[in-house]
Asks: 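The following block contains the structure, expressed as structure tokens.
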Protein chains: 2
Amino acid sequence: MEKRIRIKDIAERAGVSTGTVDRVIHQRGNVSPEVADRVMQVMRELNYEPNIIASTLAYNRKLPVGVLLPDYDSDPYWALPNLGLKRAFQNVRHYGIVLDTHLFGLFDPAAFLAKAHELLDAPEPPVAILFAPIFLRESIWLMEQCRTRGIASVLINTDMDDPDALCYVGQDSYQSGVLAGKLLSIGMGPDDQVLVLNLDKETTNAKHLWDKERGLRDYFLRLKGPAVASVIRYDCEFFEDQDALRDAMLQLFRENPQLSRIFVTNSRSYFVLDALNRVSLRHFRTVGFDLLPQNMTYLEQGTISFLINQNPVEQGYLALMNIANHFIYKKPVKRMQYLPLDIVVPENARYYLQREKDLELVY
Amino acid sequence: MEKRIRIKDIAERAGVSTGTVDRVIHQRGNVSPEVADRVMQVMRELNYEPNIIASTLAYNRKLPVGVLLPDYDSDPYWALPNLGLKRAFQNVRHYGIVLDTHLFGLFDPAAFLAKAHELLDAPEPPVAILFAPIFLRESIWLMEQCRTRGIASVLINTDMDDPDALCYVGQDSYQSGVLAGKLLSIGMGPDDQVLVLNLDKETTNAKHLWDKERGLRDYFLRLKGPAVASVIRYDCEFFEDQDALRDAMLQLFRENPQLSRIFVTNSRSYFVLDALNRVSLRHFRTVGFDLLPQNMTYLEQGTISFLINQNPVEQGYLALMNIANHFIYKKPVKRMQYLPLDIVVPENARYYLQREKDLELVY
DNA sequence: TCCTACACTGTGTGCGAACACAGATTGAAT
DNA sequence: ATTCAATCTGTGTTCGCACACAGTGTAGGA
């Protein structure tokens with residue numbers, strides 16, 4: 001059980017004071033090259049690893065972190081990343097991290113911008129911002145602000161093509177489409193048709209939805225079957241109107257009698273199934289996303305065959321922990337952090353749900 | 001942004017010294033009841049939460065943790081929990097946690113006992129022991145030792161019926177059998193037979209294997225099909241002998257021509273498939289456990305249809321983090337901590353494998 | 001009355017690192 | 001040789017808490 005090496009030990013061994021060692025460690029200059037070399041040599045010899053505990057105590061600093069996410073009223077999904085965020089916060093607040101959370105309407109770019117301003121112009125400006133780049137133009141602007149102000153940025157749920165982001169935490173959209181293809185293909189006949197159903201506003205701007213569709217199509221292409229031609233897409237912006245959605249679906253069924261597979265590209269599967277409440281869906285197989293209570297009911301019934309879990313809680317958790325790793329532990333942070341695409345059936349659902357519930361207990 | 005409350009603040013507000021507050025907090029006695037009440041009142045008013053950072057720095061104590069796991073030569077599986085353990089250790093060693101790791105042969109109860117003795121009689125006896133209760137009798141003895149010596153115990157991978165264990169981290173064996181049933185039942189005809197294959201020594205003592213079989217059988221029972229009667233089991237202790245295993249399997253196939261589903265109850269699926277290398281398995285569907293490289297090859301080929309991931313790395317990680325939660329953060333620890341039963345197919349495997357690699361960045 | 005025992009409370013030091021500031025050394029310019 | 005600035009190095013204080021120890025007060029016995 002070897003004793004831990006302290007700055008003092010290094011100082012003694014190198015024949016200098018602790019202040020000098022400190023200057024070397026933090027590259028604060030004012031140390032002659034010879035001395036610096038000697039100190040570094042000793043550090044390597046003794047395999048020095050700083051005591052983070054003592055370090056954070058002495059720093060006595062605040063690390064304000066801005067959070068910018070959709071509110072839960074827009075979409076129950078977004079309560080989950082927030083939950084993970086809170087959990088992570090419990091772990092790292094001792095290190096001085098302070099959250100400044102702002103929520104915006106999921107379909108309201110102006111609110112996004114307004115909240116972003118609030119964040120940036122806070123009395124204690126954040127050292128990092130954690131946000132969901134839902135709106136492309138506004139997000140590019142925010143990234144630019146981060147760049148000029150020297151603020152680190154962590155992207156969650158949706159990625160952006162910006163090399164200056166500290167990291168992205170979320171799913172691999174393309175591959176989730178591939179996986180959906182795999183799950184839908186089980187027991188599929190050669191003439192069956194697959195429907196890709198986008199229930200969202202402004203789907204034209206939603207790159208991740210396109211990626212999912214591409215993944216699904218590529219999966220069937222690789223199967224080399226005639227199924228290739230039979231993937232159709234339907235974008236529905238009026239998904240909140242139950243009657244309209246039902247009519248639209250029924251028309252789709254009529255026009256495509258071989259339709260037997262539905263892939264809902266986000267967490268809103270339950271909207272379709274609510275709308276089709278009375279319609280017999282026995283011969284349909286549906287795959288959707290996320291373990292929302294509304295979806296779970298249909299999964300238990302068998303109306304949804306599989307749900308793909310995007311680990312929303314872990315997304316929030318990881319996102320903040322990455323900031324901690326960067327600023328406190330000074331560990332390198334991986335740019336792309338894909339969370340597993342969990343295949344959820346009634347038989348294994350409880351464990352994923354339990355994991356989410358356990359987090360509530362902590363808070 | 002409210003300032004954090006310190007002991008000093010409480011002392012001032014309560015009109016006492018910090019020493020007294022400290023005595024109240026740690027219930028070290030020698031404080032008059034009136035003063036103690038007043039201090040506690042103030043603590044509640046100001047909502048005091050101790051600064052763990054400063055606390056652990058001042059404690060300057062060691063927390064020796066004993067670790068007792070199977071070695072990797074016995075079974076490559078066990079390298080994974082150990083990996084998670086090491087990663088967790090990186091996170092908590094600053095708090096004074098020191099590991100004392102001992103490995104034993106997976107089929108060697110005497111070694112288990114010997115190593116347990118080494119742990120218990122170490123110069124700095126552990127405050128907690130983390131172990132896999134592979135051997136029932138020996139584990140009961142170890143638990144008794146922990147009880148009398150006041151050592152906390154964390155069980156990993158296999159549970160034991162002992163209320164004094166701090167917690168169990170692992171899978172729900174029964175439910176993993178149910179899940180296997182579900183996965184095997186996909187596309188199954190009414191006459192198909194299912195083989196439960198135990199590749200282990202002393203399977204009679206392995207409760208978790210029995211639980212898995214029970215889960216599988218219950219699943220088919222609940223299906224209410226004729227499939228109920230067609231689940232057969234085969235225990236194989238000589239699984240390391242490739243030729244013997246192949247012969248045994250071929251005989252099973254001959255005796256049970258309707259056999260089309262194989263459930264390997266642990267991570268050793270690859271043993272069967274290695275043995276059956278030349279035999280055509282096109283009409284078979286196999287489900288096994290764990291993403292060992294050997295299994296992954298067969299999964300990619302399609303020879304294994306699904307692997308159930310028991311999250312072995314996370315098991316090790318969580319086990320140690322629980323000890324940290326208990327001793328450092330003083331959080332309540334949940335007795336049963338079931339990890340998700342991930343359904344792994346080639347299309348989502350990479351993310352689970354990646355997570356194992358990345359884990360140190362995670363928590 | 002004094003002393004002792006005991007209950008109670010305050011003070012001081014250390015944990016390891018960060019940083020401000022004072023002090024020392026050097027070299028160049030006067 | 002002296003001054004001055006620039007460069008380099010050491011010391012001391014701080015962070016919040018834990019704990020040893022010193023100090024005060026009170027009651028009871030001799």
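Chain A is the first sequence line, chain B the second, and so forth, proteins listed ahead of strands; every chain is numbered from 1. Values below: every heavy atom of this structure, side chains too, minus hydrogens, waters and symmetry copies.
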Asks: With respect to the side chain of B:Tyr48, which nucleotide from D:dC17, D:dG10, D:dT11 is positioned closest?
Replies: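 From the listed options, D:dC17 comes nearest.
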Asks: Can you find a pair of side-chain heavy atoms, one from B:Phe131 and one from B:Phe104, that are under 4.5 Å apart?
Replies: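 No. Closest side-chain heavy atoms not under 4.5 Å.
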Asks: Can you pull the contact range of chain B along DNA chain C, 5' to 3', using atoms under 4.0 angstrom from its heavy atoms?
Replies: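 That gives a stretch of C:dC8 to C:dG16.
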Asks: Using only heavy-atom distances, determine whether the side chains of B:Arg87 and B:Gln90 contain a donor-acceptor pair under 3.5 Å.
Replies: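 Looking only at side-chain atoms, B:Gln90 and B:Arg87 do not form any donor-acceptor pair under 3.5 Å.
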Asks: How close or far is atom P of D:dG16 from atom CD1 of B:Ile10, stated in whole angstroms?
Replies: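 One finds 13 Å between P of D:dG16 and CD1 of B:Ile10, rounded.
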Asks: Can you find a heavy atom in the side chain of A:Val42 that is under 4.5 Å from one in the side chain of A:Val21?
Replies: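 No, too far: nothing below the 4.5 Å cut-off.
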Asks: Over how many whole Å does the gap from A:Lys8 atom NZ to D:dG10 atom P extend?
Replies: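 It works out to 15 Å between those atoms.
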Asks: Specify the separation, in whole Å, of atom CG of A:Asn60 and atom P of D:dT13.
Replies: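 Atom-to-atom, A:Asn60 to D:dT13, this comes out as 18 Å.
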Asks: How do B:Tyr59 and A:Gly15 order along DNA chain D: which one's closest nucleotide is nearer the 5' end?
Replies: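 Upstream on the strand: A:Gly15.
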Asks: Check every strand shown and say whether A:Ile7 touches a base, only sugar-phosphate, or nothing at a heavy-atom separation below 4.0 Å.
Replies: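 Sugar-phosphate only.
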Asks: Reckon B:Ser55 has a side-chain N or O less than 4.0 Å from the OP1 or OP2 of D:dA18?
Replies: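 Answer yes for this pair, as a side-chain N or O of B:Ser55 is under 4.0 Å from OP1 or OP2.
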Asks: Please indicate whether A:Asp161 has more than 12 foreign heavy atoms, meaning atoms of other residues, nucleotides or ligands, lying under 6.0 Å from its CG.
Replies: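 Not more than 12 within 6.0 Å, no.
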Asks: Measuring to OP1 and OP2 of D:dC19, would you say a side-chain N or O of B:Arg28 lies under 4.0 angstrom away?
Replies: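 Indeed, a polar side-chain atom of B:Arg28 lies that close.
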Asks: Judged by each residue's nearest nucleotide on DNA chain C, which is more toward the 5′ side, A:Ala54 or A:Arg23?
Replies: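 Nearest-nucleotide comparison on DNA chain C picks A:Ala54.
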Asks: How many Å lie between NZ on A:Lys62 and P on D:dC15, as a whole number?
Replies: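 So the NZ-P distance, A:Lys62 to D:dC15, works out to 13 Å.
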Asks: How close or far is atom C1' of D:dC21 from atom CG of B:Asn30, stated in whole angstroms?
Replies: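 That distance rounds to 13 Å.
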Asks: Using distance alone, with no hydrogens and no angle criterion, decide if B:Asn91 and B:Tyr317 have a side-chain donor and acceptor under 3.5 Å apart.
Replies: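 Yes, side-chain donor-acceptor contact under 3.5 Å.
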Asks: Tell me which one of A:Val169, A:Ile156, A:Leu155, A:Val154 satisfies side-chain contact (heavy atoms from CB on, under 4.5 Å) with A:Gln337.
Replies: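 Of A:Val169, A:Ile156, A:Leu155, A:Val154, side-chain contact (heavy atoms from CB on, under 4.5 Å) with A:Gln337 is met by A:Val169 alone.
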Asks: Quick one: do B:Lys115 and B:Asp100 satisfy salt bridge (charged side-chain N to carboxylate O under 4.0 Å, His left out)? Show the steps, please.
Replies: CA-CA 11 Å; B:Lys115 300 290 184 178; B:Asp100 185 15; over 6 Å; no
Asks: Figure out the CD1/P separation between B:Ile5 and D:dC15, and round it to whole Å.
Replies: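 About 15 Å, once rounded to whole Å.
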Asks: Set out, in order, the CA-CA distance, both residues' side-chain angles and the distance that settles side chain to side chain contact (heavy atoms under 4.5 Å, CB included) for A:Leu120 and A:Ile151, then state yes or no.
Replies: CA-CA 9 Å; A:Leu120 294 168; A:Ile151 298 173; 3.8 Å; yes
Asks: Could you state the atom-to-atom distance from CG of A:Asp22 to P of D:dG10 in whole Å?
Replies: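 Taking atom P of D:dG10 as the reference, CG of A:Asp22 is at 13 Å.
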Asks: Answer yes or no: is there a side-chain heavy-atom contact under 4.5 Å between B:Asn157 and B:Tyr77?
Replies: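 Counting from C-beta outward, B:Asn157 and B:Tyr77 do come under 4.5 Å.
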Asks: Taking five pairs at each end, how big is the angle between the two axes of the helix from C:dT1-D:dA30 to C:dT30-D:dA1, to 10°?
Replies: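 Axis angle across the helix from C:dT1-D:dA30 to C:dT30-D:dA1, nearest 10°: 80°.
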Asks: Specify the separation, in whole Å, of atom CZ of B:Arg61 and atom P of D:dC17.
Replies: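 From B:Arg61 CZ to D:dC17 P: 15 Å.
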Asks: Side chains of A:Gln41 and A:Arg44: donor-acceptor distance under 3.5 Å anywhere?
Replies: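 There is such a pair between these side chains.
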Asks: With respect to the phosphate group of D:dT9, does any side-chain polar atom (N or O) of A:Ser32 fall under 4.0 Å of OP1 or OP2?
Replies: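 True: A:Ser32 side-chain N/O within range (under 4.0 Å) of D:dT9 OP1/OP2.
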